[in-house]
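Within every chain, numbering begins at 1; the chains are lettered A, B, ... in the order of the sequence lines, protein sequences first and strands thereafter.
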Number of protein chains: 2
Amino acid sequence: MDSADELGRRDRKKLETRTALERAALTLVAERGLAGVTVEDIAEAVDVSSRTFFNYFPSKEDALIGPGPASAAELCERLEELPADVPVLEALRLMSRVEAEHVQQQREQWLLRLKVFEQNPSLLPRLVTSGTETERAITAAVARRAGIELGTSGYPELATAAAMAAFRVAMIRWSAAGGRPELADLVDEAFAQLAAGLPNP
Amino acid sequence: MDSADELGRRDRKKLETRTALERAALTLVAERGLAGVTVEDIAEAVDVSSRTFFNYFPSKEDALIGPGPASAAELCERLEELPADVPVLEALRLMSRVEAEHVQQQREQWLLRLKVFEQNPSLLPRLVTSGTETERAITAAVARRAGIELGTSGYPELATAAAMAAFRVAMIRWSAAGGRPELADLVDEAFAQLAAGLPNP
DNA sequence: GTAAAACTTTCAGGATCTGCAATATTTCAG
DNA sequence: CTGAAATATTGCAGATCCTGAAAGTTTTAC
């Protein structure tokens with residue numbers, strides 16, 4: 001994929017400051033804890049004003065959380081482009097594997113991020129969580145794929161939420177194991193348990 | 001159950017102010033939106049200082065979220081007291097039904113709360129969410145029941161997260177339907193889909 | 001080269017949230 | 001009933017969070 005090319009100088013600089021702010025936020029909070037770092041600290045580390053920080057992120061926490069909605073559209077595309085005869089849960093698994101590869105590509109950053117989440121539990125509710133724009137988008141795509149009106153059966157909402165839970169558990173296990181196993185394998189494991197109806201192991 | 005008895009005057013008053021603060025927060029935010037209500041507004045409505053508000057809740061949002069960890073212990077008891085041969089997912093379903101009854105018993109308050117959540121999506125990530133003390137406790141109970149070391153297989157984490165997702169979806173459907181259906185039925189539906197492995201409908 | 005568009009900064013200010021010390025209330029023992 | 005001990009409430013100072021508006025700076029595009 002194209003990632004850093006095809007951008008004017010302006011957008012390149014914007015992307016740079018954004019990632020610099022994210023990186024600074026992560027490393028500082030990893031060192032001193034969420035409460036031990038102020039927005040001004042983060043901004044100074046990147047040599048911008050704290051007002052500029054808030055031009056990029058609506059809150060200190062948001063600088064730690066990562067892409068989120070940015071990739072929502074891309075995720076949905078993955079769902080859409082799968083053949084219609086692929087079952088919903090299988091489609092969600094494949095989508096999650098793609099996302100897992102993205103995570104693996106930024107291995108160190110994600111491991112650091114997950115460590116920060118573990119050390120600051122108040123962040124956990126926002127890990128791969130419900131109620132986001134991302135979830136809404138995926139739910140809509142699932143509904144389309146299953147041929148269901150949104151808000152009638154609850155199936156798209158549940159399938160999506162369960163898939164996100166599977167992905168979240170895989171991420172946490174991955175982090176707990178020091179990033180040693182393949183994240184994609186852990187994702188597969190979780191989806192296999194889901195598809196089997198979560199029988200007693 | 002005993003709920004309001006067996007408390008000294010002091011604790012009774014504390015409980016009163018707490019519930020009064022919750023109620024005021026909910027009604028005010030339902031009227032004016034999250035951003036349109038300050039902590040001082042809420043405190044004044046109950047005739048206490050805003051400092052006192054923060055003695056009860058760590059943040060404005062927390063006054064809206066409801067019991068949460070309060071009932072964690074009780075939920076786990078429900079899990080523990082079920083016979084050991086009840087499968088995990090079935091046990092989680094039964095536990096969720098108990099919780100559903102609690103919600104039904106405070107029907108109006110919960111419908112209002114859910115409306116507030118819908119109207120202020122930034123609250124949604126904290127609805128029945130992961131990363132809480134409650135989830136940790138349930139996960140531990142599930143692990144005990146399944147005879148699994150925590151953090152080895154990921155099964156307890158996933159089963160718990162999926163159950164919470166099922167409950168959350170049921171709540172949202174219940175709210176969207178104006179509280180008309182039986183919440184317990186929606187919970188059963190969601191768990192049935194989970195137990196079946198989320199097949200295409 | 002210049003004008004428009006977009007980004008950063010400064011500044012003012014309201015709101016959130018936390019210690020701390022003072023005050024008021026409740027409890028409980030005598 | 002009364003006086004201490006325990007506990008809750010309050011006011012206050014202060015750090016931090018976050019936002020709008022206006023001014024200044026850089027980038028873009030013609």
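Between Glu99(B) and Arg78(B) no salt bridge is recorded (no basic side-chain N to carboxylate O distance below 4.0 Å). With respect to the salt-bridge test (charged N to carboxylate O, under 4.0 angstrom), the residues Lys13(B) and Glu16(B) do not qualify. A salt bridge is absent between Glu118(B) and Lys115(B): the closest approach of a Lys/Arg side-chain nitrogen to an acidic carboxylate oxygen does not fall below 4.0 angstrom.
For the pair Lys13(A) and dT27(D), the criterion of a side-chain N or O lying under 4.0 Å from OP1 or OP2 is met. The side chain of Lys14(A) places an N or O atom within less than 4.0 Å of a non-bridging phosphate oxygen (OP1 or OP2) of dC7(C). Listed pair Thr38(A) / dT16(D) fails the phosphate criterion, with no side-chain N or O lying under 4.0 Å from OP1 or OP2. Taking side-chain N and O atoms only, Lys60(A) has a distance below 4.0 Å to OP1 or OP2 of dC17(D). Contact between the side-chain N/O atoms of Ser49(B) and the OP1/OP2 oxygens of dT9(D) is not found at any separation under 4.0 Å.
Comparing dT9(D), dT9(C), dC20(C) by their closest approach to the side chain of Arg51(A) singles out dT9(C). Checking dT9(C), dC17(D), dT10(D) against every side-chain atom of Val39(A), the shortest atom distance belongs to dC17(D). Listed nucleotides dC18(D), dT16(C), dT10(D) differ in distance to Ser59(A); the shortest reach to its side chain belongs to dC18(D).
Under the 3.5 Å distance criterion, with hydrogens and angles disregarded, a donor-acceptor pair is assigned to the side chains of Asp62(B) and Ser59(B).
Following rounding to the nearest Å, Leu21(A) (CG) and dC7(C) (P) show an atom-to-atom distance of 15 Å. The CD-P distance, from Glu16(A) to dT8(C), rounds to 12 Å in whole Å. One atom, CD of Glu61(A), and another, P of dT16(C), lie 15 Å apart when rounded to the nearest Å. Atom CG in Asp41(A) sits about 8 Å away from atom P in dT16(D), given to the nearest Å. Glu40(A) has its CD atom 11 Å from the P atom of dT10(C), to the nearest Å. Between the P atom of dA15(C) and the CZ atom of Phe54(A) lies a distance of 17 Å, rounded to the nearest Å. The CG-C1' distance, from Asp62(A) to dC18(D), rounds to 12 Å in whole Å. In this structure, Phe53(B) atom CZ and dT16(C) atom C1' are separated by 10 Å, rounded to whole Å.
If you check every strand for non-hydrogen atoms under 4.0 Å, Tyr56(A) touches sugar and phosphate atoms only. The residue Ser50(B) sits apart from the nucleic acid: no heavy atom pair falls under 4.0 Å.
Judged by the 6.0 Å distance and 45° axis criteria, Arg18(B) is positioned over the aromatic ring of Phe57(B).
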